[in-house]
Amino acid sequence: MIIGTAVAILLLLGMSAFFSGSETALTAASRNRIHALEREGNKRAAVVNSLISDRERLIGAILLGNNLVNILASALATNLFASLMPGGMGVAVATAVMTVLVLVFAEVLPKTYAITRADSMAMSVGKPISWLVAAVAWITVLIQAVVNTTLRMVGAGAPDASFTAEEEIRGAIDFHHSEGGVDEADRHRLVGALDLKDMTVEEVMIHRKNITMLDASLPPGDIIRQALNSPHTRIPLYNAEEDEITGILHMKDLLRAVVQQKGTIDDIDFKDLLREPWFVPETTPLQDQLDLFLTERNHFALVVDEYGELQGLLTLEDILEEIVGDIRDEHDVPVQGVRPQSDGSVMVEGWVTIRDLNRATGWNLPDDEAVTVAGLVIHEAQTIPEPGQRFAFHGHRFDVIRKTRNQITGLRVSPIPEEPEPV
């Protein structure tokens, strides 16, 4: 009798360990990896995916089985020790022994094992756990009904929808980066693709001061020479004023016209070569503009403000650079308006965007409240500063060098050295 009871207790503890390990493995298993294995035809992964798709029923079935065997094992142990030790000692000893056995061998040990190999163990226990879930389905339905009713009564019945799938992906990327599994360059590429929805054309465009434009009234020879001296393949042409864009000159169209004219460039009619300019609002979300570039099969757009005035231009390459980093060829030039100094500071034109400055220096200045460096200083200072004034924020020092009317045109930016922690 004693041996049989002891064997039954050990068997029940083994079942408790199985349930505890299964619970940890199935809840900690990576849904992304399990889903990928299921798509590859892994039947065990399909079982696991089916189980974790209804976590409430899964947890309810496992906890039901786990508590059942734990309570039964504790009852048998109490009965066993009570028969061996008269008085209240048997109950006390049974409580102490079962607490140690359940805690070490039925909880900590199996859960520690499961957490280190969650995916493989989940696929191993998936089949028997699915049988358990099916067997006690009617009981778990009742349990869920009681639990949900109770939660609604205390005002906690609504599901937590505060995290979107995008935020979950972003969090996973940041976590693996902090753990060393994703390097900095890959992290920027992965997060950059997610950031497109939160950015507008204005934040990425090339400012109008950096646009190479040609006067359409110039002689054809002058236009061709200036176009050839430009590193760009698409050049806007304007009439009288730079805001009056008449068309876009594509270098391939120009080369084709020169060949057709057999070198007599003075006879080229640029009106027939120019392509219709594409104007987009500066508030257009960057993701939407990327979709438009792909659907319209046009990689070049001019950016205008709410009054229709030219603010800059945007290309497909500019958007792709937000994901993969700088795309440079033999004709590209360094970021204009940014001049690193020997002392570690950087001379910056006021119109330079914060993203361009961060890209050129590796800094991480925020661009949530302002697009340009000058705008960031004005936002933080809450005033239009004068030359000679100095400000410090976001771990950097900003010295105002030049100002034209109410516009900051030149600054010196330098990182503030971190002070050593007191010993």
Side-chain angles (χ1 to χ4, degrees), residues 196 199-261 265-323 327-329 331-333 335-337 349 351-353 355-356 371-372:
L196 295 185
M199 299 170 59
T200 62
V201 165
E202 181 186 18
E203 298 178 60
V204 181
M205 71 178 185
I206 299 172
H207 194 272
R208 60 178 295 169
K209 292 185 178 181
N210 294 330
I211 300 178
T212 299
M213 292 187 287
L214 300 179
D215 189 348
S217 63
L218 293 174
D222 292 343
I223 294 178
I224 292 176
R225 278 188 291 270
Q226 292 184 30
L228 291 175
N229 289 328
S230 170
H232 310 294
T233 58
R234 297 175 179 85
I235 303 175
L237 267 66
Y238 64 90
N239 274 333
E241 297 183 0
E242 293 186 351
D243 280 334
E244 189 181 343
I245 304 297
T246 60
I248 308 300
L249 176 63
H250 198 295
M251 295 302 294
K252 287 186 177 180
D253 297 333
L254 177 60
L255 178 60
R256 190 179 299 111
V258 171
V259 172
Q260 291 176 351
Q261 293 294 328
I265 58 178
D266 292 334
D267 296 333
I268 295 178
D269 186 359
F270 282 92
K271 293 182 181 179
D272 298 333
L273 298 182
L274 298 183
R275 301 188 181 189
E276 189 72 20
W278 182 13
F279 297 97
V280 299
E282 61 183 354
T283 55
T284 304
L286 205 56
Q287 180 65 58
D288 293 348
Q289 188 58 45
L290 174 61
D291 296 337
L292 288 173
F293 274 147
L294 298 178
T295 55
E296 297 294 332
R297 301 177 65 183
N298 188 350
H299 301 170
F300 186 95
L302 296 171
V303 183
V304 294
D305 62 12
E306 59 182 319
Y307 303 105
E309 295 184 0
L310 181 66
Q311 298 299 311
L313 67 82
L314 182 73
T315 67
L316 177 61
E317 181 179 320
D318 296 324
I319 300 180
L320 295 180
E321 285 184 337
E322 294 301 317
I323 302 175
I327 304 174
R328 297 202 174 174
D329 57 29
H331 298 294
D332 280 343
V333 296
V335 177
Q336 295 184 3
E349 300 294 325
W351 47 261
V352 172
T353 65
R355 297 186 71 86
D356 282 344
V371 175
T372 65

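These figures come from a predicted structure and were not determined experimentally.
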Could you go through Ile206 and Asp318, starting from their C-alpha distance and side-chain angles, then the distance that decides it, and tell me whether this counts as side-chain contact (heavy atoms from CB on, under 4.5 Å)? CA-CA 8 Å; Ile206 299 172; Asp318 296 324; 3.8 Å; yes

Reported CG-to-CG distance for the pair Leu214 and Leu237, which is rounded to 0.5 angstrom: 5.0 Å

Please enumerate all residues that pass side chain to side chain donor-acceptor pair (under 3.5 Å) together with Thr372, with sequence neighbours excluded. none

Once side-chain contact (heavy atoms from CB on, under 4.5 Å) is applied, do any residues pair with Leu254, and if so which ones, sequence neighbours excluded? Ile224, Ala227, Leu249, Met251, Val258, Phe270, Leu273

Partner residues of Thr246 under the side chain to side chain donor-acceptor pair (under 3.5 Å) criterion, sequence neighbours left out: none

Between Leu302 and Leu310, is there a side-chain heavy-atom distance shorter than 4.5 Å? yes

So, do Leu218 and Gln226 sit near enough that their side-chain heavy atoms are less than 4.5 Å apart? yes

What residues form a ring-ring contact (aromatic ring centres under 6.0 Å, His included) with Phe300, not counting sequence neighbours? none

Can you tell me how far the CD atom of Glu317 sits from the CD1 atom of Ile319, to the nearest 0.5 Å? 11.0 Å

Give a yes or no on whether the backbone of Thr200 and the side-chain of Glu203 come within a donor-acceptor separation of less than 3.5 Å. yes

Which residues pass the salt bridge (Lys or Arg N to Asp or Glu O under 4.0 Å) test with Glu322, sequence neighbours left out? Arg355, Arg359

Shortest non-hydrogen contact between Pro236 and Ile211, atoms and distance: CG-CG2, 4.2 Å

Partners of Leu292 by side-chain contact (heavy atoms from CB on, under 4.5 Å), sequence neighbours excluded? Trp278, Gln289, Thr295

For Gly247 versus Pro277, what's the shortest heavy-atom pair and its separation? CA-CD, 3.9 Å

Nearest 0.5 angstrom please: Glu276 CD to Asn298 CG, how far? 11.0 Å

For Pro285, enumerate each residue passing the side-chain contact (heavy atoms from CB on, under 4.5 Å) test, keeping only those at least two apart in sequence or located in another chain. Asp288

About how many Å separate CZ of Phe293 and CG of Leu286, when rounded to the nearest 0.5 Å? 9.0 Å

Pair Arg208, Val303 - check side-chain contact (heavy atoms from CB on, under 4.5 Å), show working. CA-CA 9 Å; Arg208 60 178 295 169; Val303 183; over 6 Å; no

Contacts satisfying salt bridge (Lys or Arg N to Asp or Glu O under 4.0 Å) that involve residues 225-238 (not counting sequence neighbours) are Asp222-Arg225

One should read off an interatomic distance between His299 NE2 and Leu314 CG, to the nearest 0.5 angstrom, of 11.5 Å

What is the minimum heavy-atom distance between Thr212 and Ile235, and which atoms define it? O-CG2, 3.4 Å

Where at least one partner belongs to residues 210-220, residue pairs that pass salt bridge (Lys or Arg N to Asp or Glu O under 4.0 Å), sequence neighbours excluded: none

With sequence neighbours excluded, tell me which residues meet side-chain contact (heavy atoms from CB on, under 4.5 Å) with Asp305. Glu282, Tyr307, Glu309, Gln311

Which value, rounded to the nearest 0.5 Å, describes the distance between Met199 atom CE and Leu290 atom CG? 11.5 Å

